[in-house]
Amino acid sequence: MKKLLILIVGVGLAGCVAFVLFAGSGFSAREEPSAIEALVARIAKRVAMPRSASSAVNPVAPTPQILAEARAHFADHCAMCHANNGSGETEIGRNLYPKAPDMRDVDTQSLTDGELFYIITNGVRLTGMPAWGSGDGQDSHGSWGLVHFIRHLPAITDGELAYMRTLNPVSPPAAVEAGLEKPLLEGAPPARHGDHRH
Ligand code: HEC
């Protein structure tokens with residue numbers, strides 16, 4: 001009986017908190033999370049992170065080759081949301097809820113290497129951040145190299161960004177438009193710029 005009462009009060013309290021957080025703002029992903037929501041999410045992530053994960057030391061040396069691989073990998077897999085420079089200023093990144101953060105800022109840069117690795121390999125539930133790699137704690141996806149690359153973002157050069165643009169994924173119609181590929185079906189009309197609307 002006592003347990004049931006505690007459960008009912010608990011659910012009621014959670015409902016009140018949810019009401020305060022979400023009431024009035026609907027469910028549009030365009031909104032910016034409120035300061036309190038962002039703070040709660042950041043604390044929840046810190047608390048949920050296993051201690052052994054956050055204190056993990058990057059076992060990979062930041063050699064020029066590792067950085068080059070990570071840069072290419074980031075351009076191909078991450079930049080669609082995070083942008084080549086890590087600002088999060090992409091069509092997807094700024095329209096997610098929560099938004100893709102500016103990873104050059106202190107909030108991201110103050111995470112430990114282990115925390116960055118944990119987030120990359122596990123993703124962040126209830127956000128657009130997917131989990132990458134095999135999920136067994138192994139670095140099957142070059143994620144420790146990505147951690148080095150994220151550290152390098154505040155100092156990224158225009159030359160690197162120009163190179164990354166050549167590696168960003170291009171949709172088939174955009175590739176045809178840019179003259180990189182032939183239309184798949186013989187006789188299919190080439191994509192016109194006006195065909196793609198947002
Ligand atoms: C589909 C969009 C999307 C893709 C693709 C994506 N991310 Fe994310 N990422 C997000 C969002 C949204 C967040 C913010 C999650 C949050 O608020 O906790 C995030 C958060 C992160 C964070 C934590 C930053 C912080 O300050 O908490 C890291 C690190 C990260 N992403 C790295 C990567 C890497 C590396 C890749 C590519 C291998 C990648 N992401 C691909 C959407 C994406």
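First listed ligand is number 1; within each ligand, the first listed atom is number 1.
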Are a donor atom and an acceptor atom from the side chains of Asn84 and Asn168 found within less than 3.5 Å of each other?
-> yes
Do me a favour and list the nearest non-hydrogen protein atom to atom 17 (O) of ligand 1 with residue, atom name and distance?
-> Pro98 CG, 3.2 Å
What do we get for Cys78 next to ligand 1 when only non-hydrogen atoms under 4.0 Å count, side chain, backbone, both or neither?
-> both
Which ligand 1 atoms, with their elements, are less than 4.0 angstrom from a heavy-atom of Arg42?
-> 25 (C), 26 (O), 27 (O)
Can you list the ligand 1 atoms lying under 4.0 Å from a non-hydrogen atom of Gly128?
-> 1 (C), 2 (C), 3 (C), 12 (C), 42 (C), 43 (C)
Do His141 and Thr121 have side-chain heavy atoms sitting under 4.5 Å apart?
-> no
May I ask you to list the atoms of ligand 1 that are less than 4.0 angstrom from any heavy atom of Pro130?
-> 3 (C), 4 (C), 6 (C), 7 (N), 43 (C)
Show which atoms of ligand 1 fall inside a sub-4.0 Å distance from at least one heavy-atom site of Ile150.
-> 29 (C)
Options Lys45, Met129, Arg125, ranked by nearest heavy atom to atom 18 (O) of ligand 1, top entry = Lys45
Near Ile119, which atoms of ligand 1 are under 4.0 Å from a heavy atom of that residue?
-> 22 (C), 23 (C), 28 (C)
Sole candidate of Val60, Ile119, Ile120 that passes side-chain contact (heavy atoms from CB on, under 4.5 Å) when paired with Ser143 = Ile120
Any chance you could lay out the side chain to side chain contact (heavy atoms under 4.5 Å, CB included) test for Thr127 and Leu96, step after step, and finish with the verdict?
-> CA-CA 8 Å; Thr127 80; Leu96 285 167; over 6 Å; no
Does Leu116 reach the side chain of Asn58, with side-chain heavy atoms less than 4.5 Å apart?
-> no
Considering only the protein, which heavy-atom contact is closest to atom 28 (C) of ligand 1, and what is its distance?
-> Met103 SD, 3.7 Å
Applying a 4.0 Å heavy-atom criterion (strictly less than), which segment of Ser143 is in contact with ligand 1: side chain, backbone, both, or neither?
-> neither
Atom 14 (C) of ligand 1: closest protein heavy atom, distance to 0.1 Å, is Pro101 CD, 3.6 Å
Which residue supplies the protein heavy atom nearest to atom 15 (C) of ligand 1, what is that atom called, and how far is it?
-> Thr127 OG1, 3.6 Å
heavy-atom search around atom 2 (C) of ligand 1 in the protein gives Cys81 SG, 1.9 Å
Phe149 and His152 aromatic ring geometry - parallel, tilted or perpendicular at 30°/60° bounds = tilted
Just jot down the ligand 1 atoms closer than 4.0 angstrom to any heavy atom of Leu116, in number order.
-> 29 (C)
With distance as the sole test, does Glu160 use its side chain to make a donor-acceptor pair with the main-chain N or O of Thr157 at under 3.5 Å?
-> yes
What one should report as the nearest heavy-atom pair of Lys99 and Arg30 is NZ-O, 3.4 Å
Hey, is there an N, O or S on His82 sitting under 2.8 Å from atom 8 (Fe) of ligand 1?
-> yes
Identify the heavy atoms of Ile66 and Ala61 that sit nearest to each other, and give their distance.
-> CG1-O, 3.6 Å
Any N/O pair Thr108/ligand 1 closer than 3.5 Å = yes
Do Arg46 and Glu115 meet the salt-bridge criterion of a basic N to acidic O distance under 4.0 Å?
-> yes
